[in-house]
Amino acid sequence: MPDSPVLIITGASSGIGAAAARRAVEFDYRVVLAARSHEKLEGLAEELGGPEHALAVRCDVTSWDDQQALVATALERFGRLDAFFANAGFGAKRGFLEESVEHWKAMIDTNVLGAALSIRACLPHFRDQNSGHLLLTSSVAGRRWVIGSLYSCTKHAVTAMGESLRQEVAETEIKVTVIEPGAVDTPFFDSRPANALEPDDIARAVLFALTQPPHVDVNEILVRPTAQSN
Ligand code: NJP
């Protein structure tokens, strides 16, 4: 697979990001796995076939230096970059009197600034080659208001960011997809959610968007478990 397409995934150490990496490799992508837990990434890279197929890169998405280094490493090691799945994120208890202010700041930095820095890091390369695909993980909570949820506010920002970016690059061949999961059974939750999707259910949606022909830009995918009402 010397010249197969290359996909960077942030938040690849578990859950949706790890599942997307597994599916992408099945579709002959080479993947660059990014998160803070380097050991988990190394384990997944090994599982996916080692350095020819998957590269583990420690990256805190709130760090501009880390994000620039991530894109540079992908280009240096694989020689091309075709897609970037900005997926890293986490939540907070509902209620505007819950959690610490520090937790709120970290969540906003990760979910909102982190996604924006991912765009900023790969967009110059995508513009230079006049192609590329940016996918952002928002949420069903980024499509409807959730009572007492600052997390929902961060995901509304991500949904807006996706559409805002789509308009900015509309005259180019660059694609933008916002992924909006309902409840998915991942470490995102402290205790396992009932009737939730599996991470692979979202991974298949990601690959659906990624594998469309050049003239098709899937802009938004909302996937709920069948039994989720809101
Ligand atoms: O959760 P989890 P999901 N820099 O905890 C990484 C959204 N979502 O797969 O750094 C870099 O398994 C963290 O890695 P690590 C959700 O908001 C979910 O469910 O090693 N990476 C891990 O790989 C999020 O945007 C549900 O700790 C950072 C990953 O993020 C996305 O789906 C529903 C980081 C989180 O994986 C993936 O979450 C929904 C940082 N600063 C939206 N901070 C759901 N599960 O129900 C965290 O609507 N990570």
Side-chain angles (χ1 to χ4, degrees), residues 1-18 20-25 27-42 44-45 48-89 109-138 157-158 161-162 164-166 168-170 172-179 203 206-207 209-211 214 217:
M1 52 185 340
D3 209 30
S4 57
V6 175
L7 164 68
I8 293 177
I9 303 174
T10 67
S13 62
S14 67
I16 294 167
R22 291 187 175 96
R23 278 285 171 196
V25 166
F27 279 76
D28 277 342
Y29 276 85
R30 290 175 289 172
V31 289
V32 181
L33 311 168
R36 295 163 303 177
S37 311
H38 196 252
E39 266 183 35
K40 285 193 202 167
L41 297 178
E42 293 274 21
L44 181 58
L48 295 178
E52 277 190 23
H53 301 268
L55 188 64
V57 179
R58 197 198 168 280
C59 169
D60 182 335
V61 295
T62 66
S63 158
W64 176 227
D65 287 349
D66 282 8
Q67 295 245 25
Q68 285 177 291
L70 174 62
V71 169
T73 304
L75 286 167
E76 196 178 297
R77 289 290 296 273
F78 287 142
R80 60 186 279 181
L81 178 60
D82 300 85
F84 194 124
F85 182 25
N87 165 72
D109 272 1
T110 303
N111 296 5
V112 184
L113 180 66
L117 293 180
S118 292
I119 294 169
R120 195 178 176 107
C122 66
L123 193 54
H125 178 71
F126 288 174
R127 277 199 175 278
D128 281 352
Q129 67 187 14
N130 191 35
S131 70
H133 195 159
L134 265 145
L135 302 100
L136 310 177
T137 302
S138 173
V158 175
M161 207 184 299
S164 176
L165 173 65
R166 189 195 68 75
E168 182 180 337
V169 299
T172 74
E173 298 299 313
I174 298 167
K175 300 184 183 189
V176 182
T177 303
V178 177
I179 303 288
V206 169
L207 267 295
L210 273 173
T211 54
D217 187 8

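All values derive from a computational prediction rather than experimental measurement. Nothing fancy with the numbering, it's 1 onward along the sequence.
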Side-chain heavy-atom pair [X], [Y] within 4.5 angstrom cut-off:
X: F85; Y: I16; answer: yes
X: Y29; Y: I9; answer: no
X: F84; Y: I119; answer: no
X: S118; Y: Q67; answer: yes
X: D3; Y: R30; answer: yes

Please list, chain by chain and in numerical order, all residues satisfying side-chain hydrogen bond (donor to acceptor under 3.5 Å, both in side chains) with [X], sequence neighbours excluded.
X: T137; result: N87
X: R22; result: E47
X: R23; result: E26, D200
X: Q68; result: W64

Name all pairs fulfilling the salt bridge (charged side-chain N to carboxylate O under 4.0 Å, His left out) condition that reach into residues 62-72, sequence neighbours left out, sorted by first residue then second.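 For residues 62-72, and leaving out neighbouring residues, the salt bridge (charged side-chain N to carboxylate O under 4.0 Å, His left out) pairs sorted by first residue read R58-D66.
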With sequence neighbours left out, write down each residue that passes side chain to side chain contact (heavy atoms under 4.5 Å, CB included) with S14, or none if nothing qualifies.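 P187.
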Testing L55, D82, V31 for side-chain contact (heavy atoms from CB on, under 4.5 Å) with V6, which one passes? D82
Using side-chain contact (heavy atoms from CB on, under 4.5 Å) as the criterion, point out the one residue from V112, V178, L134 that pairs with M161.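 The residue from V112, V178, L134 that satisfies side-chain contact (heavy atoms from CB on, under 4.5 Å) with M161 turns out to be V112.
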